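Below you'll find the structure, written out as structure tokens, and then a few comments.
Hydrogens, waters and symmetry mates are skipped; everything else that's a heavy atom, side chains included, is used. In what follows, chains carry the letters A, B, and so on, assigned in the order in which the sequence lines appear, proteins first and then strands, with residues in each chain numbered from 1. The shown structure was predicted, so the numbers you read here are calculated from the model rather than taken from an experiment.
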Protein chains: 2
Amino acid sequence: MKQITKYVIKNSLKRIFLYRACLVRLKRMGVEKVFSFTLGHETGVSAAQVRKDFSEFGIKGNKRGGYEIDELLTIMENIFHKNKDHNIVLIGMGNMGQSLSKYSRFIQRNMNIVATFDIDPFKQKMRSEIQVYPMNRLKEIIERFRVKVAIIAVTEISAQEVADELIRHGIMGIVNFAPVLLKVPQNIVVNNVNLCDELESVIYIVHNNMKADSFKNIELLYKDMRY
Amino acid sequence: MKQITKYVIKNSLKRIFLYRACLVRLKRMGVEKVFSFTLGHETGVSAAQVRKDFSEFGIKGNKRGGYEIDELLTIMENIFHKNKDHNIVLIGMGNMGQSLSKYSRFIQRNMNIVATFDIDPFKQKMRSEIQVYPMNRLKEIIERFRVKVAIIAVTEISAQEVADELIRHGIMGIVNFAPVLLKVPQNIVVNNVNLCDELESVIYIVHNNMKADSFKNIELLYKDMRY
DNA sequence: CGTATTTTGTGATTTGTTTCACATCAAATA
DNA sequence: TATTTGATGTGAAACAAATCACAAAATACG
């Protein structure tokens, strides 16, 4: 059954990413051990939360000794299957697609965009580090590189169609930059990234803070008047 | 006090964005009224959740009659201050920055990138729809356009420094694409967008689902053996 | 070697979020 | 106009996530 599946990415998983980034930084600085307190402090998380998260992912430390950074990173690599490479395809070589295809951090983290696709033959001729293929070669490439995850960066209108085709050819996970909720079978993972919403929510909070601030002032004033 | 502030963007707010996008679509299709059930169904949310969210944002419908789409959209515009334009600055005209500067959806939603900045004089000469300024003109531009929100798309190394400067000149909210946790005063809103993490979390879930699936098969097998 | 100290790991508790269930109201109908 | 119908709005209940608090373990130190 096709439907809007909600693979909510758990906060604990997001925090694990935070921890990892922080650990990498600490390691570069020459630090070898951390306590839950330190790691929490650096990532804006309570020490207990760090330990609970670790416990959820089956990570054990040393009583009194804290956690060995190298050891932690190795465990995390295993959790995230960083020992193997991950082949990705990217559909849509418009503005955002092109930028994503050049995004070097993906490679640094063993995620390789092995091929990009576009319906526009002009974009296919474009000189780009990664080959741009026409859509009819999707199946072939996905199979050849055993691709399981795709990035959709096409327009709102064609996103659903592209998703359907990807899934037909064996894609199991999608990062979707198009502002539509994709209808997919239950077992397919979809992560929607909506840049407008990200920006807009900041604007919203900033505005409301400013309003809240003015209320705060009124309250303060009131207190001053009473005492 | 500077610290890692956690302005967690509430799920209810994210859902309001979902509802709005859906309402816009329904409106385009000629629909005039929705029930919480319909809207929920289209966005993958329960009807009760829709009503609770609306209640949180002070949105009232008509008993029995559901919600007038036009009315809803007007209320949401007010909530998100869509009556006014919002001026944004963008720092860092590398790969991601350039792409964001051309991202047309921002404009469609009344969010205008009024100026972009880069340290690199070469990028400043680059032909681009939006003027690229050197960093020393930040203060001037922020003040002239009364900018309150900024996008950071610089490297990991300079992100904190840039954030400090932005805040010094009156920026109250930041969407941060650099993979660092910015340390900012309490009242500053930061929304981190980490594209690697978005992709990586999908890979993680896909992998674990596949593992879970194989377990499921074992379970099924077991059942078959028993009955 | 025993005691003090410090940090983990995890039940118990609190806090927050989602769902349930139903009173309430507005429209439709007779 | 009275009655039925059907959707909202919201306390109460169930569920989920985060914090607290402390036993257990490992190290340091006398």
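Distance B:Lys10 NZ to C:dT17 C1': 9 Å, rounded to the nearest Å. As rounded to whole Å, 13 Å separates atom P of D:dT8 from atom CD of B:Glu68. The separation between A:Tyr67 atom OH and D:dA26 atom P is 14 Å, rounded to whole Å. Here C:dT8 presents its P atom at 10 Å from CG of A:Leu72, a figure rounded to the nearest Å. Distance, B:Lys52 NZ to D:dG9 C1': 9 Å, rounded to whole Å. Protein atom CZ of A:Phe54 is 9 Å distant from nucleotide atom P of C:dG9, rounded to whole Å. Rounded to an integer number of Å, the gap from A:Glu56 CD to C:dT8 P is 18 Å. Atom pair B:Asp53:CG and D:dT10:P shows a separation of 13 Å (rounding to whole Å applied).
Checked by atom type and distance alone, the side chain of B:Asn194 never pairs as donor or acceptor with a backbone atom of B:Glu198 at under 3.5 Å. Side chain of A:Thr38 to main chain of A:Val34: no donor-acceptor pair is present (N/O by atom type, distance under 3.5 Å, no hydrogens or angles). Between the B:Asn112 side chain and the B:Val114 main chain, no donor and acceptor come within less than 3.5 Å of each other. A donor-acceptor pair is defined here as one N or O able to donate and one able to accept, closer than 3.5 Å; no such pair exists between the side chain of A:Ser158 and the backbone of A:Glu161. Using a distance-only test at 3.5 Å, with no hydrogens or angles considered, no donor-acceptor pair links the side chain of B:Asn95 to the main chain of B:Ser99. Not a single donor-acceptor pair under 3.5 Å links the side chain of A:Asn176 to the backbone N or O of A:Asn191. Under the 3.5 Å distance criterion, the side-chain polar atoms of A:Asn110 are matched with a main-chain donor or acceptor of A:Lys82.
Near DNA chain D, meaning a heavy atom under 4.0 Å from it, residues 34-51 of chain B has B:Phe35, B:Ser36, B:Arg51 in order of number.
Looking at A:Asn62 and A:Tyr67, their side chains never bring a donor and an acceptor atom within 3.5 Å of each other.
Taking 4.0 angstrom as the limit, B:Ser55 places a side-chain polar atom (N or O) nearer than this to OP1 or OP2 of D:dT10. Applying the 4.0 Å criterion to OP1 and OP2 of D:dA17, one finds that A:Lys14 has every side-chain N and O outside that range.
Of the options B:Asn187, B:Val149, B:Ile167, a side-chain contact (heavy atoms from CB on, under 4.5 Å) to B:Met172 is made by B:Asn187 and by none of the others.
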What string of B, S and - do you get for nucleotides 24-30 of chain C, 5' to 3', if B is base contact, S is sugar-phosphate-only contact and - is no contact with any protein heavy atom under 4.0 Å? BBBB---

